[in-house]
2 protein chains.
Amino acid sequence: MRETFGEYIKRLRTENGFTLTQLAAKLDLDSANLSKIENNKREFDERRLSLLSDVFDLDLAKLRTEFFSDIIAKKIYENNCDEETLVLAEEKVAYLKSKNPITI
Amino acid sequence: MRETFGEYIKRLRTENGFTLTQLAAKLDLDSANLSKIENNKREFDERRLSLLSDVFDLDLAKLRTEFFSDIIAKKIYENNCDEETLVLAEEKVAYLKSKNPITI
DNA sequence: ATTAGACTTGTCAATTTTTGACAAAGTTAA
DNA sequence: TTAACTTTGTCAAAAATTGACAAGTCTAAT
């Protein structure tokens, strides 16, 4: 998706006609801090993802994908990581999965 | 690379015949904590990457790639992120790059 | 031009997370 | 058994993140 997680929240909010104060209340958040989140000056707390999915009736799994991909993208961007980084990361994920027993 | 960053350090260390205490001293680290790093119970501090590249005469850029890919892989693994996450992350990196002025 | 509502930014104490340091216990080989 | 090496547990100190509030900007309506 061609937007950050903050921009995504802002779009959801405005498209649904909420003010910062209104959405912040639903997310149990200070409106000033929600503003920072929307403008990529703070991170959204993972523990609020389910609240967010409730408010906008979104699929939580998709929201999580959106959320974690954002964290990863920011890390890569901020640290000027080269293109190989994600390829290597994918290999390492496979390695970790093969290495560790599947948790039931 | 089919190993975690911790395992990579451990391999470098043993292949070069160092004890934990010896390498820890070179990295300005407590040997008990280095042990934890090697066994994936603690994170290696990014600020020690250049020391590490000095000790084993490694290319710092490659080491950084190794390091950050590890962080990302762990995040994905720990949070059971789906396969799409990295694809999305890549798109978002491109978005962030297009969005922000190139810093000189 | 003033007001009201919406949004942004700055600050900082409080909470949370990570780290450094040390003790103690486990492992291995002479 | 020693001794050297490694692992694990704990916890205070340091660092990072968060919640809360004040103060600011911006816009639209009157």
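Source: prediction; values computed, not measured. Here is the naming used below: chain letters follow the sequence lines, and residue numbers restart at 1 for every chain.
B/Arg13 has a side-chain polar atom (N or O) that falls below the 4.0 Å cut-off from OP1 or OP2 of D/dT6. The side chain of A/Arg48 contributes an N or O atom lying less than 4.0 Å from OP1 or OP2 of D/dG19.
Within a 6.0 Å radius of NZ in A/Lys75, no more than 12 heavy atoms belonging to other residues, nucleotides or ligands are found. Other residues, nucleotides and ligands place more than 12 heavy atoms under 6.0 Å from the NZ atom of A/Lys36. More than 12 heavy-atom neighbours from other residues, nucleotides or ligands sit within 6.0 angstrom of CD on A/Glu15.
Ring geometry for B/Phe18 against B/Phe56 counts as tilted: the plane angle lies between 30° and 60°, on a 0 to 90° scale.
With contacts defined as side-chain heavy-atom distances shorter than 4.5 Å, the pair B/Phe44/B/Asp70 does not qualify. Using a 4.5 Å heavy-atom cutoff, the side chains of B/Phe67 and A/Asn79 are not in contact.
Comparing A/Leu29 and B/Lys41, the nucleotide of DNA chain D nearest to each residue sits closer to the 5' end for B/Lys41. Take the nearest nucleotide of DNA chain D for A/Asn33 and for B/Thr19: the residue whose nucleotide is more 5' is B/Thr19.
Taking atom NZ of residue A/Lys36 and atom P of nucleotide D/dC21, one finds them 13 Å apart after rounding to whole Å. Rounded to a whole Å, the CD atom of A/Glu43 is 7 Å from the P atom of D/dT18. The separation between B/Lys10 atom NZ and D/dT6 atom P is 8 Å, rounded to whole Å. Distance CG (B/Asn39) to P (D/dG9): 12 Å, rounded to an integer number of Å. The nearest whole Å value for the distance from the CZ atom in A/Phe44 to the C1' atom in D/dT17 is 15 Å. Here D/dT6 presents its P atom at 18 Å from CZ of B/Arg42, a figure rounded to the nearest Å.
We find that A/Glu78 and A/Lys74 are not joined by a salt bridge, their nearest charged nitrogen and carboxylate oxygen being 4.0 Å or further apart. Under 4.0 Å is where a charged nitrogen must lie from a carboxylate oxygen, and between A/Glu7 and A/Arg2 no such pair does. Salt-bridge check for A/Lys92 with B/Glu66: passed, with a basic side-chain N closer than 4.0 Å to an acidic carboxylate O.
Taking 4.0 Å as the cutoff to heavy atoms of chain B, we find the contact window on DNA chain C bounded by C/dT19 to C/dA23.
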Report summary line: Given protein heavy atoms under 4.0 Å, the one-letter contact record of nucleotides 22-30 of chain D, with B base, S sugar-phosphate only and - none, is simply B--------
